[in-house]
Protein chains: 2
Amino acid sequence: MSPRRKPNLKARPLQVHAPVFAALGDEMRLRLITALCVGGAMSITQLTSGTDISRQAITKHLSVLAAAGLVRDVRRGRERLWEFEPTQLEETRRSLELIGRQWEHALAKLKFAVESNPH
Amino acid sequence: MSPRRKPNLKARPLQVHAPVFAALGDEMRLRLITALCVGGAMSITQLTSGTDISRQAITKHLSVLAAAGLVRDVRRGRERLWEFEPTQLEETRRSLELIGRQWEHALAKLKFAVESNPH
DNA sequence: TGTAAATGCAACCTACCGGTTGCATACACG
DNA sequence: CGTGTATGCAACCGGTAGGTTGCATTTACA
């Protein structure tokens, strides 16, 4: 018997991560994530300054990121601070890792089949 | 001195991965990737059967994935086989990993600042 | 050689996405 | 209490993404 890999019990289909990938699929939103990640929690106006688009556009981007669970907001006085929320990103990253492993596994199986039936 | 982390020399900004994330941000395309990954190279018609959308739609999705470097095609006779191309996906996965680490690093720095200036 | 299968090309349509502008609202602070 | 700052809400707009349909082209094979 070939050494059997431990089955991944909570193997949710990759498709469930589509909204997260879609949220990440925009340069400006990736910049926002980076900013929040290295700079800590920031307000909308803070995030807007330094960009060349309007505050409303930034607000929309933050909404998309929040809907995907990548950031969350916390009210403080009259301002609304946004902060990076690492859990969802990490989970999505692991799903990519899993795909890579499945690929290696498929390759190994193919190689085995070829070797055991060369002609 | 706190133990300094080895600087990541080829630290391309996260934004360069936006097209890859955008390509991954669609359920159907994630299904296609999964299919190619576990099932090996497949033709367009093979990939179309089992879905409820047209062959042309599948072709477009494959083009998007190919443009992002996630799949590649190889002609064989009158059919065109598509196969998963793991390199780009792995690189993108590592960029997510990096973000997570930057976040942890920022947290640690914040904690240090708070502890060394408690009042 | 003729025919059906696999694919390519192009036009078209609709919905949504990223962005703007204008105005309303909440609230810190002198 | 008034004023400026930070934000919310909604309408609007152009472009493009995702899908379809129709027809042309290539090629395996009887």
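Note that the structure is a prediction, hence the values are computed from the model and not measured. Both backbone and side-chain heavy atoms feed into the values below; hydrogens, waters and symmetry mates do not.
With distances taken from any side-chain atom of A:Lys60 to the nucleotides C:dA6, C:dT20, D:dA6, the minimum falls on C:dT20.
Across all strands, A:Thr45 comes closer than 4.0 Å only to sugar-phosphate atoms, never to a base (heavy-atom distances). If you check every strand for non-hydrogen atoms under 4.0 Å, A:Arg76 touches nothing. Backbone-only contact: A:Glu79 has heavy atoms under 4.0 Å from sugar-phosphate atoms and none from a base.
Atom CD in B:Gln46 sits roughly 16 Å away from atom P in C:dA5 (whole-Å rounding). Here the P atom of nucleotide D:dA17 and the CG atom of B:Asp26 are 12 Å apart, to the nearest Å. D:dT20 atom C1' lies 13 Å from atom CD1 of B:Ile58, rounded to whole Å. The distance between atom CG of B:Leu24 and atom P of D:dG18, rounded to the nearest whole Å, is 12 Å. Spacing between atom CG of A:Leu32 and atom P of C:dG19 amounts to 10 Å, rounded to whole angstrom units. Put simply, CZ on A:Arg80 is 21 Å from P on D:dT5, counting in whole angstrom units. Straight-line distance from the CG atom of A:Leu47 to the P atom of D:dT5: 19 Å, rounded to whole Å. Separating the CD atom of B:Gln56 from the C1' atom of C:dT7 is a distance of 8 Å, rounded to the nearest angstrom.
At least one donor-acceptor pair under 3.5 Å links the side chain of B:Arg29 to the backbone N or O of B:Ala23.
With hydrogens and angles left out, the side chain of B:Arg78 and the base of C:dA5 share a donor-acceptor pair within 3.5 Å.
Inspection of the A:Glu85 and A:Thr87 side chains reveals an N or O donor paired with an N or O acceptor under 3.5 Å.
The residue among A:Arg29 and B:Trp82 whose nearest nucleotide of DNA chain C lies closer to the 5′ end is B:Trp82. Each of A:Arg55 and B:His61 was assigned the nucleotide of DNA chain D with the nearest heavy atom; the assignment lying further toward the 5' end belongs to A:Arg55.
Contact annotation: B:Arg75 does not reach the phosphate of C:dA6 (side-chain N/O to OP1 or OP2, under 4.0 Å). Under 4.0 angstrom from either OP1 or OP2 of D:dT20 there lies at least one side-chain N or O belonging to B:Ser54.
Considering OG1 of A:Thr51 and CZ of A:Arg31, their distance stands at 9.0 Å, rounded to 0.5 Å.
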_Set out, in order, the CA-CA distance, both residues' side-chain angles and the distance that settles salt bridge (charged side-chain N to carboxylate O under 4.0 Å, His left out) for A:Arg93 and A:Glu90, then state yes or no._
CA-CA 5 Å; A:Arg93 206 221 78 222; A:Glu90 170 62 15; 3.0 Å; yes
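Salt bridge status for A:Arg101 with A:Glu104: absent, with no side-chain N to carboxylate O gap under 4.0 Å.
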